[in-house]
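The structure under discussion appears below in the form of structure tokens.
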Amino acid sequence: DVKVTQSSRYLVKRTGEKVFLECVQDMDHENMFWYRQDPGLGLRLIYFSYDVKMKEKGDIPEGYSVSREKKERFSLILESASTNQTSMYLCASRQGGAGYEQYFGPGTRLTVT
Amino acid sequence: ELKVEQNPLFLSMQEGKNYTIYCNYSTTSDRLYWYRQDPGKSLESLFVLLSNGAVKQEGRLMASLDTKARLSTLHITAAVHDLSATYFCAVDVKGAQKLVFGQGTRLTINP
């Protein structure tokens, strides 16, 4: 079974703090993704990575950066957290090629106060 | 740009009834995925549909894909309370490795 884990289920940070969200997958997937999910707005793609050290912006990259130094690990960084970044963050991974589903981690609920 | 629309967005139904959730998408694709999300939880894969006419069934849920109409349906038969959840469809973006998700359909099944 594919397993995607995220470093924290719940996180509370203060405005202006630098925040790291970590995601690890154990199935050697090429592709990894970060989404945020807010009520009424569905899933929005922040960044994704299709290989080590490679990244592409998603729909809402502003205020975020990412890092992928190893294939199994994809980090989302909030350089200076703001209250409008309070959200549920979901990581996902997917095998490269066509026709493969994404597997999601359990999510991190981040609150910025 | 690929757009994916689900319909309805909210659905309240009684146990024992049948209903269908629709997923329309705007550009050619022959790969579509259905996910389920329980409140406060992450997304769980339900079905992978990889060709025109594909049909998959699991228990009371059946999903189908019509690539010519750019439409997928998720049919619920004789609904039970345990099926209450939010259901998302997602479509492959051609030439990319990412999916585009619909807005989700929040399904509530009342006893």
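The shown structure was predicted, so the numbers you read here are calculated from the model rather than taken from an experiment. Any value given below was found using the heavy atoms of this structure, including those in side chains, with hydrogens, waters and symmetry copies removed.
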Of the listed B:Asp30, B:Asp92, B:Leu50, the one with the largest count of heavy-atom pairs under 4.5 Å with chain A is B:Asp92

Please check if atom CD in B:Glu5 has more than 12 non-hydrogen atoms from other residues, nucleotides or ligands closer than 6.0 Å.
-> no

Neighbour count >12 (heavy atoms, 6.0 Å) for atom CE, B:Met62 = no

Are [Y] and [X] co-members of a hydrophobic cluster defined by side-chain heavy atoms under 4.5 Å apart?
X	Y	answer
A:Val66	A:Val19	yes
A:Val24	A:Tyr103	no
B:Leu65	B:Tyr22	no
B:Val4	B:Tyr87	yes
B:Trp34	B:Val93	yes

Pick one of side chain, backbone, both or neither for B:Leu99, based on which atoms fall under 4.5 Å of a heavy atom in chain A.
-> both

Let me know if B:Gln103 has heavy atoms under 4.5 Å from chain A in its side chain, its backbone, both or neither.
-> backbone

Taking a cut-off of under 4.5 angstrom between non-hydrogen atoms, the residues of residues 41-59 of chain A near chain B are A:Gly42, A:Leu43, A:Leu45, A:Phe48

Name the region of A:Gln6, side chain, backbone, both or neither, that has any atom closer than 4.5 Å to a heavy atom of chain B.
-> neither

Structural part of A:Tyr35 lying under 4.5 Å from a heavy atom of chain B | side chain

How long is the gap from CD on B:Gln97 to CD on A:Gln95, to the nearest 0.5 Å?
-> 10.0 Å

Given the rule in the side chain to side chain contact (heavy atoms under 4.5 Å, CB included) test, do A:Gln102 and B:Tyr33 qualify, once you have shown the distances and angles that lead to the verdict?
-> CA-CA 9 Å; A:Gln102 282 187 0; B:Tyr33 311 82; over 6 Å; no

Apply the test side chain to side chain contact (heavy atoms under 4.5 Å, CB included) to residues B:Gln37 and A:Phe104: give CA-CA distance (whole Å), side-chain angles for both, the deciding distance (0.1 Å), then the verdict.
-> CA-CA 11 Å; B:Gln37 185 178 36; A:Phe104 284 84; over 6 Å; no

Heavy atoms only: give me the nearest B:Ser42-A:Leu90 pair and the separation to one decimal.
-> OG-CD2, 3.5 Å

